[in-house]
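Numbered from 1 within each chain, the chains take letters A, B, ... in sequence-line order.
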Amino acid sequence: MESSLEAQVGPLRLERPTVLASGILGISVEIFGRLHGAGAGAIVSKSISVEPRDGYPGPTVVPLGGGGWINAVGLSNPGAAAFAGMIRDNRTVPIIVSLVGSAPEEFSSMVERFEGCHIAGYEINLSCPHVDDVGLEVGDDPELVSRVVRATKSAASVPVFAKVGLGRSDYLDTVSAAIDAGADGITAINTVQALAIDIEAQRPKLSNGIGGLSGIPIGTIAQRCVAQIHSQFDIPIMGCGGVSTWEDAVALVLAGASAVQLGSALGYGSPDRVFADVNDGIARYMERKGVRSVREMVGRALA
Amino acid sequence: MESSLEAQVGPLRLERPTVLASGILGISVEIFGRLHGAGAGAIVSKSISVEPRDGYPGPTVVPLGGGGWINAVGLSNPGAAAFAGMIRDNRTVPIIVSLVGSAPEEFSSMVERFEGCHIAGYEINLSCPHVDDVGLEVGDDPELVSRVVRATKSAASVPVFAKVGLGRSDYLDTVSAAIDAGADGITAINTVQALAIDIEAQRPKLSNGIGGLSGIPIGTIAQRCVAQIHSQFDIPIMGCGGVSTWEDAVALVLAGASAVQLGSALGYGSPDRVFADVNDGIARYMERKGVRSVREMVGRALA
Amino acid sequence: MHETSHIVQVTSVRDETATVHTLEFDDSTMAAALPGQFAMVWVPGIGEIPMSVMVADGGRAAFTVRRHGEATTGLYNLGPGEMMGVRGPYGNSFDIRAGRLLLVGGGTGLVPLMRLISRAPPDADITLVMGARTRPEVFFADTARALLRPRPHCIVVCTDDGSYGRPGLATDAAADELSGGAFDAVYACGPEIMMYKVMRLAQDAGVFAQASVERIMKCGTGICGSCCMGRELVCGDGTVFEAGRLLANPDFGVRYRTKSGEVAYY
Amino acid sequence: MHETSHIVQVTSVRDETATVHTLEFDDSTMAAALPGQFAMVWVPGIGEIPMSVMVADGGRAAFTVRRHGEATTGLYNLGPGEMMGVRGPYGNSFDIRAGRLLLVGGGTGLVPLMRLISRAPPDADITLVMGARTRPEVFFADTARALLRPRPHCIVVCTDDGSYGRPGLATDAAADELSGGAFDAVYACGPEIMMYKVMRLAQDAGVFAQASVERIMKCGTGICGSCCMGRELVCGDGTVFEAGRLLANPDFGVRYRTKSGEVAYY
Ligand SMILES: Cc1cc2nc3c(=O)[nH]c(=O)nc-3n(C[C@H](O)[C@H](O)[C@H](O)COP(=O)(O)OP(=O)(O)OC[C@H]3O[C@@H](n4cnc5c(N)ncnc54)[C@H](O)[C@@H]3O)c2cc1C
Ligand SMILES: Cc1cc2nc3c(=O)[nH]c(=O)nc-3n(C[C@H](O)[C@H](O)[C@H](O)COP(=O)(O)OP(=O)(O)OC[C@H]3O[C@@H](n4cnc5c(N)ncnc54)[C@H](O)[C@@H]3O)c2cc1C
Ligand SMILES: Cc1cc2nc3c(=O)[nH]c(=O)nc-3n(C[C@H](O)[C@H](O)[C@H](O)COP(=O)(O)O)c2cc1C
Ligand SMILES: Cc1cc2nc3c(=O)[nH]c(=O)nc-3n(C[C@H](O)[C@H](O)[C@H](O)COP(=O)(O)O)c2cc1C
Ligand code: FES
Ligand code: FES
């Protein structure tokens, strides 16, 4: 029996089910090429805004031990114009451009910037837990979500994913608004709002104070959200959060994800091995369980 | 310089700042006595409902590795009448009775049951993430929260704490409603909704499917919530979530907690050592930092 | 810090009686369990229950389960190749002395005693009292004989109805043994009333004694409190306790907690 | 899995120049850093920046910092007893060869070279070229002399303005050394243009060579991407790279990323 690692996330076909999460090594097309060559089925870029952003002063990304990370980078990114220039020559890597902003027009104007770039899709970051006025603020307002998704969809000629996270309001309302507005898929979840205090310095470890928790600690929270979305909506999901091994990836698929994003996992091992190791593990598991396609496994643990 | 471990949580005075969290070893008054003798400043009981509840079939509590736990015990408890009988003779242990229910009258009727028991306070569980119709369902409805807190307060002659967690609606609205209704303090946080899938069995590890994540993984989420409540409201807080060492306890205090609850930590070490170890660590830290009272440290990392 | 459960496959199933199965499986963690330690055993889709770890040959592990309610029946029904989840081993273990040992077990309470025999010092002289209600309910007699063969030993099988071996209760046989000879230690596992009596007998005879106690166990790891017996947490402080500590416990042999935590009496 | 930062206390501060301080502290993790490895250093309330780990006596560690912008000034201003957070050490390290070694450093780029000297095999013959713009900016001359004393060595200090030592650029001195003798390895750390030239010189001379590269480093641990240089992640694949790999990199010596990730040119 031949099993295939191909994954289908709604309109998006991926040769392999593992995808680089947004904000992780996410601004250099050379790195994208390297990771794609090393097994990533697609690459989600750092979230791009209309204008460049320097982000916050350090510390912005701090490991917490136990495979956890906290970050508040302040959405540093080169801006849509510069980033479009950087990826213009790409022909081989399936790049999903992550977009962030606070008004629908920003999204449509950014999509226009990427006109002519060879990209595989967009991911709308509705859920960055530590930057005022963008991210979660948007995700917390279903009406705005709806307008942002609609603006992006109407400008874009490639699939559009909406990325959700645990915010102040019910993230399932955000999912619902995004679907109604035409999103082709949902990415779940972003980091979880957290605060790590250094007891010797008696202040937060991040310059921004509050940041987003990622990595192993949020794995079962991500499984929960993916399962909830999968059972309540008919929409393809890219699962994200706490995947560090192939077992975690399989668990997210069994919970309802059609593909799996890896973020903090890149900090645990060699960028040249992480995707391949997870892919190989998934393939061996499928072989052992007699599963022929990733699709067959999606949501199977909820049956 | 003498530093004191005494903690003041609003009207509640504790000899030591560490408190046993609800649902942990929480039904036997003999065990309460043992833990109090071993250093716990107070004991929160298992959440008690009007009628006894058997809870869910197993698995109900599963360790996840990395100091994380997932549970959905289904609020098993002997019911208010039986529990009141069990603690009636207690004179020495400061017991905080945790109450759970879905209607304001249930709370007032339970408080009447405990009339005549020597108890230190009540904690209203507004945030159990895995039992339908009680817990989070209540916490998600600020209007109901308000009525439940009011009913408890008007029946009770001891301090009333409201325990919140991350639910579908903004937990800060729950906090606000509880405070307006007269709560003497807030306990934050309960477990975080999660799902752990076993990839070999291809089903959730808990019989209930979704459960609550506790232990080390949620520590920085708890620090965040405590800090948010502390900076937005003028209300004493019992911090809870992910405390496994004295460092974690100090971090929660620096984030704004006046006392700290320990739950899953009881699973890491001997019940006879956990509280003493954390208390000793806090005392040594205070000595080293020249702090004379726990109160001085509350919220200091946010200054 | 406890690790999460892992899945093992049943490799073989042995009939012990019409209602008792021994399920063997390969698992190094469980194979290393000490006598008295238990596992939390998950039958996916059915339930999770505590089970003593049974002896098995060559680095394998086993459970011996009596079909009873939903979860034990689910476990009993597992066939070779089927999956179960295990976590642990949890709890303390018997303090195995040298010299003359008296082991008193009933039903599946014999499981930890079998493991105890397999770990006892080679020159320990073991008397094993096995209790059952009727002849068809007797099991482990062959297993015990095989385990005890290399050492000085004596096996006393009792049936309540006298249909096999010595007629009467295991506690009567234990009393006789204790009055008949000087033992260095007594170990008991089985119904709590039986253990209570054996602990009293041993205490009266001034002999070191331990028993392994059963309670509702939801977590196995000292956090849920379902297993409390007086001030003791059976899963963590026990399951094995010394006679003195047991007899001083207001609950032992008297009452236990139901699944809701209500108190019930034996 | 990376551990979180921990706080250390500055034990002593040494003036190197009017703008350069060496801060010593006790920390076994940092004391064990390999030459070329760096730490992420947090000045609470001010910022966090990458710093090479400097040598220090007797199991201690140190950083040598040039006061520049906000974060380095904050670090520079720390006095004895004050706290800083450190995490790491991160990155790879120099592959220290035996034989005749040429070390070329400028400014605080000398820091990893000092550590390299302290770890070089005892019989390695080390030529150290130290570059500075003017005489008052020369530092580590004494430190280098003390570290090199026990072994065959040669120190060449150059100043751009000729106010001390050999007049001219460190790269000129390096070119002379390379043409004058057969080296077994060349190591460089300092401004990127300087390193670029040294790598070319070494490659032309057919000598094994490595340089330690600096970029914006926000995480130090291979997740944020701020340190990318072509296909390389400087924090994890480097900071130390071999000449061939560096000269094949389209960015090395040419361009870098700003804090936003935009491309800027040297
Ligand atoms: C330390 C220990 C070791 C044991 N070793 C063995 C053994 O080797 N062989 C054997 O056959 N039996 C053993 N038992 C007893 C066995 O665990 C119970 O017979 C079994 O839990 C009953 O489950 P049931 O579904 O068959 O019965 P029911 O009484 O119908 O129980 C229904 C449900 O209640 C819950 N429940 C009942 N009892 C328990 C319990 N003790 N702990 C947690 N949940 C419970 C479960 O969800 C169960 O499915 C042991 C018990 C303990 C505490
Ligand atoms: C591997 C490595 C080792 C280094 N070793 C040393 C050393 O031993 N001694 C020494 O003096 N200098 C060293 N540096 C350079 C030092 O890190 C920078 O000079 C310093 O980051 C500049 O910060 P600033 O605030 O002083 O300057 P500015 O240029 O004013 O920077 C302002 C802010 O930008 C951010 N920033 C600037 N540069 C960086 C950077 N490279 N990485 C992350 N954030 C940055 C910080 O938030 C900083 O506060 C090293 C750099 C690297 C990459
Ligand atoms: C340093 C860092 C930067 C991130 N930046 C972004 C971002 O720009 N946009 C976004 O949607 N998510 C961002 N994320 C969130 C990740 O894409 C991902 O949702 C999250 O880290 C959970 O996945 P993980 O546990 O695999 O890391 C960032 C995460 C980290 C750790
Ligand atoms: C097994 C278990 C049972 C729990 N039962 C209750 C409960 O009945 N009522 C309640 O308010 N919280 C309950 N909790 C939540 C804890 O009180 C606490 O809020 C949570 O575990 C986080 O703290 P920790 O990380 O220290 O465990 C339970 C937690 C666990 C692990
Ligand atoms: S079984 Fe949970 S505390 Fe003992
Ligand atoms: S510094 Fe973050 S990836 Fe290198």
**Report entry** Donor-acceptor under 3.5 Å (B:S244 side chain, B:I216 main chain)
**Finding:** no

Applying a strict 4.5 Å limit to non-hydrogen atoms, the region of A:I218 in contact with chain B is neither

Max heavy-atom pairs within cutoff under 4.5 Å with chain B, candidates A:K289, A:R203, A:E247, goes to A:K289

On a heavy-atom basis, the closest approach of B:A188 and B:V226 is O-CG2, 3.7 Å

In terms of heavy-atom pairs under 4.5 Å with chain B, the winner among A:I197, A:V250, A:L195 is A:L195

**Study point:** Side-chain touch A:I282/A:R16, heavy atoms, less than 4.5 angstrom
**Key:** no

In short, A:N190 meets A:K163 closest at the heavy-atom pair ND2-CE, 3.6 Å

Output for pair (B:Y268 OH, B:T245 OG1), nearest 0.5 Å, gives 10.0 Å

When the 4.5 angstrom heavy-atom criterion is applied to A:Q228 and chain B, the contacting part is side chain

Honestly, the part of A:Y285 sitting under 4.5 Å from a heavy atom of chain B is side chain

